[in-house]
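Remarks on the structure that follows.
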Amino acid sequence: MQRKRIIKVKDKTFSVTISERAIKRQIKRVAEEINRDFAGRKPVFLAVLNGSFIFAADLLREIDLPCEISFVKLASYDGMNTSGRIREVIGLNIDITGRPVIIVEDIVDTGLTMAHMLETLKLQNPESIDICTLLLKPSKLQVKLDIRYCCKQIPDDFVVGYGLDYDGFGRNTKDVYTIIQN
Ligand code: IMP
């Protein structure tokens, strides 16, 4: 089937910028780094839903270490803490105490989500925590983050596809698309 170069997701138009082939090549590279760096260990992969579900599935099939995976979500709701908002990691059904943890994320933009995730997970005393992201917008980062594994750095433009969404839609494409019209 011919792949579309331009797609419409709800009211916005996007054009293809990262092909499935390029994505797969970068995932293989990152997986090889993880296989080498974690040789002899049993990492726990924590895939952050919803955006990372396709990336996590492809990444894990390139990992040849004994490993576990759990799918987590950052739930945010109004609560009674000082900032007025409570953000909690939900769905973590593996005890990560003393384990090497690798967070699998679709995209790091401001980095605030990841910073919060790290803070919360550290409370459980894992042996180590590393970040593995499919995409990174370096010019948008607002916090200092040590991102050990990154498949691709991209400019500060909104993207969809390969798991990433615009308002819930657009996750189901094999390529990544960038917005061309607001
Ligand atoms: P951050 O906290 O600003 O780093 O935001 C991270 C989250 O925002 C990601 O996990 C995505 O869900 C979402 N996000 C940021 N940029 C994009 C984008 O270009 N397309 C789709 N989702 C995005």
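Both counts, for ligands and for their atoms, begin at 1 and track the order of listing. Just so we're clear, the structure is a prediction, and the values are computed from it rather than from any experiment.
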Give a yes or no on whether a salt bridge exists between R99 and E68, defined as a side-chain N under 4.0 angstrom from a carboxylate O.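 Counted as a salt bridge, because a side-chain N and a carboxylate O are separated by less than 4.0 Å.
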Salt bridge flag under 4.0 Å for residues E32 and R36: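 Here E32 does not pair with R36 in a salt bridge, since their nearest N and O are not under 4.0 Å apart.
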Using distance alone, determine whether V160 and ligand 1 share an N or O pair under 3.5 Å.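 Among all N and O atoms of V160, none is under 3.5 Å from an N or O of ligand 1.
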Would you call the rings of F55 and Y162 parallel, tilted or perpendicular, where under 30° means parallel and over 60° means perpendicular?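 Ring orientation of F55 relative to Y162: tilted.
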[atom1] ([X]) with more than 12 external heavy atoms under 6.0 Å:
X: R29; atom1: CZ; answer: yes
X: R5; atom1: CZ; answer: no
X: K137; atom1: NZ; answer: yes
X: K140; atom1: NZ; answer: yes

Starting from [atom], what is the nearest protein heavy atom, named by residue and atom, and what distance separates them?
atom: atom 16 (N) of ligand 1; result: D109 OD2, 3.2 Å
atom: atom 11 (C) of ligand 1; result: I107 CG2, 3.6 Å
atom: atom 12 (O) of ligand 1; result: D106 OD2, 4.0 Å
atom: atom 1 (P) of ligand 1; result: T110 OG1, 3.2 Å

Which one of D58, V104, I23 satisfies the side-chain contact (heavy atoms from CB on, under 4.5 Å) criterion with L134?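 When D58, V104, I23 are each tested with L134, the side-chain contact (heavy atoms from CB on, under 4.5 Å) holds only for I23.
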Check ligand 1 against [X] and write out every atom of the ligand that is under 4.0 Å from a heavy-atom position of the residue.
X: G111; result: 1 (P), 3 (O), 4 (O)
X: E105; result: 10 (O)
X: T113; result: 1 (P), 2 (O), 5 (O), 6 (C)

Residue part near ligand 1, for [X], under 4.0 Å between non-hydrogen atoms:
X: D165; answer: backbone
X: M114; answer: neither
X: K137; answer: side chain
X: L164; answer: side chain

Please evaluate residues V72 and L49 with respect to the criterion side-chain contact (heavy atoms from CB on, under 4.5 Å), reporting the C-alpha separation (whole Å), side-chain torsions for both, the decisive distance (0.1 Å), and the verdict. CA-CA 6 Å; V72 296; L49 291 175; over 6 Å; no
Return a yes/no value: protein heavy atom under 4.0 Å from atom 19 (O) of ligand 1?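 Yes, there is a protein heavy atom closer to it than 4.0 Å.
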